[in-house]
Amino acid sequence: VEKMTDLVAVWEVALSDGVHKIEFEHGTTSGKRVVYVDGKEEIRKDWMFKLVGKETFPVGAGKTKATINIDAVSGFAYEYTLEINGKSLQKYMENRSKTTNTWVLSLGGTDYRIVLEKDTMDVWCNGQKMETAGEFVEDGTETHFSVDDHSCCIKAVSSGKRKEGIIHTLIVDDREIPEAVE
């Protein structure tokens, strides 16, 4: 494995199917650009006359659109920014915290990361979209699924406050799991 000598930026991006690591190599003499997603080479351009510009590539199971912008700051200094779906990484993550809930838990010695996409009510567990069954209950809805032999349920209940909206709670084997902050 050749050593990444021109590594200039590393980002971690939390998506529904997991946390993805994006690494970017930029050869400021050759103009070389290499993008790795989770250690796998996604783009390689060994020779470019233009040192600034952008590279766009897919990330994760949902093929989320990511773009690395390469800008000259001064002289031979460059700035690298990552955009996800056209938003800066920070804006994307802020928005994501409003549209998803994430729980991290350990069951029988295995770690699980469970993500609820609030707009679609899709549930992801360790990178896989789960089969779910939804039902209406007295105070809201319940979305049922199982992880290994564990019964899981995401309860959606109105907070009664318009600003807070709906509160989602994950219950695994009758135990409430606290939400994770990513």
Side-chain angles (χ1 to χ4, degrees), residues 1-107 110-132 145 147-148 154 168 170 179-182:
V1 180
E2 94 181 56
K3 180 113 177 61
M4 291 195 275
T5 49
D6 295 325
L7 187 67
V8 292
V10 178
W11 295 276
E12 293 216 330
V13 183
L15 300 176
S16 295
D17 68 330
V19 179
H20 299 280
K21 185 177 184 183
I22 297 171
E23 296 167 290
F24 183 53
E25 283 185 52
H26 187 216
T28 50
T29 47
S30 66
K32 175 181 83 171
R33 297 179 189 177
V34 188
V35 175
Y36 298 92
V37 177
D38 299 326
K40 191 179 140 292
E41 193 174 291
E42 200 62 50
I43 294 175
R44 173 177 287 271
K45 294 178 180 168
D46 283 319
W47 187 263
M48 305 242 338
F49 289 107
K50 238 174 118 215
L51 290 173
V52 295
K54 55 179 58 181
E55 293 297 337
T56 299
F57 52 95
V59 178
K63 300 270 181 253
T64 301
K65 186 180 136 200
T67 302
I68 295 173
N69 295 301
I70 308 155
D71 298 297
V73 186
S74 65
F76 293 100
Y78 295 89
E79 185 181 68
Y80 309 97
T81 51
L82 180 67
E83 289 178 1
I84 304 292
N85 283 340
K87 294 187 179 81
S88 74
L89 181 58
Q90 188 184 349
K91 276 268 178 283
Y92 175 79
M93 294 316 287
E94 282 169 11
N95 185 51
R96 202 179 147 71
S97 67
K98 295 183 186 100
T99 59
T100 61
N101 288 76
T102 302
W103 296 273
V104 175
L105 63 149
S106 185
L107 293 173
T110 306
D111 289 338
Y112 294 96
R113 180 174 176 272
I114 295 173
V115 177
L116 168 69
E117 294 182 352
K118 296 182 204 176
D119 51 350
T120 57
M121 292 306 285
D122 286 342
V123 176
W124 292 75
C125 178
N126 289 3
Q128 300 297 312
K129 200 159 148 190
M130 304 299 284
E131 287 289 320
T132 61
F145 59 100
V147 172
D148 283 344
I154 295 174
H168 296 89
L170 174 65
E179 193 175 345
V181 179
E182 292 190 304

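Reckoned from all heavy atoms, side chains included, excluding hydrogens, waters and symmetry mates.
Closest approach of Arg113 and Ala14 over heavy atoms only: NH2-CB, 3.6 Å. Scanning both residues, Leu51 and His26, for their nearest heavy atoms gives O-NE2, 3.2 Å. When all heavy atoms are compared, the tightest approach of Ala180 to Val104 is CB-CG2, 3.8 Å. Residues Ile114 and Cys125 come closest through the heavy atom pair CG1-SG, 4.0 Å. Contact detail for Tyr80 and Ala9: the closest heavy-atom pair is CB-CB, 4.2 Å.
Arg33 and Glu25 are not joined by a salt bridge, as no carboxylate oxygen comes within less than 4.0 angstrom of a charged side-chain nitrogen. Salt bridge absent: Glu94 and Arg96 never bring a charged side-chain N and a carboxylate O closer than 4.0 Å.
The aromatic rings of Phe49 and Trp47 sit perpendicular, their planes meeting at an angle over 60°, well past the 30° parallel limit.
Sparse packing is recorded around CD of Gln128, with 12 or fewer heavy atoms of other residues, nucleotides or ligands lying under 6.0 Å away. Within 6.0 Å of the NZ atom in Lys91, the count of heavy atoms belonging to other residues, nucleotides or ligands does not exceed 12.
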Practice problem: Under the side chain to side chain donor-acceptor pair (under 3.5 Å) rule, what do Ser16 and Glu117 come out as? Steps first, then yes or no, please. | Solution: CA-CA 8 Å; Ser16 295; Glu117 294 182 352; 2.5 Å; yes

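Scored by the salt bridge (Lys or Arg N to Asp or Glu O under 4.0 Å) test, Asp46 finds Arg44 as partners (sequence neighbours excluded). Looking at residues two or more places apart in sequence or on another chain, you find a side-chain contact (heavy atoms from CB on, under 4.5 Å) between Asp148 and Tyr112, His150. For Lys45, the side-chain hydrogen bond (donor to acceptor under 3.5 Å, both in side chains) partners are Glu55, not counting sequence neighbours.
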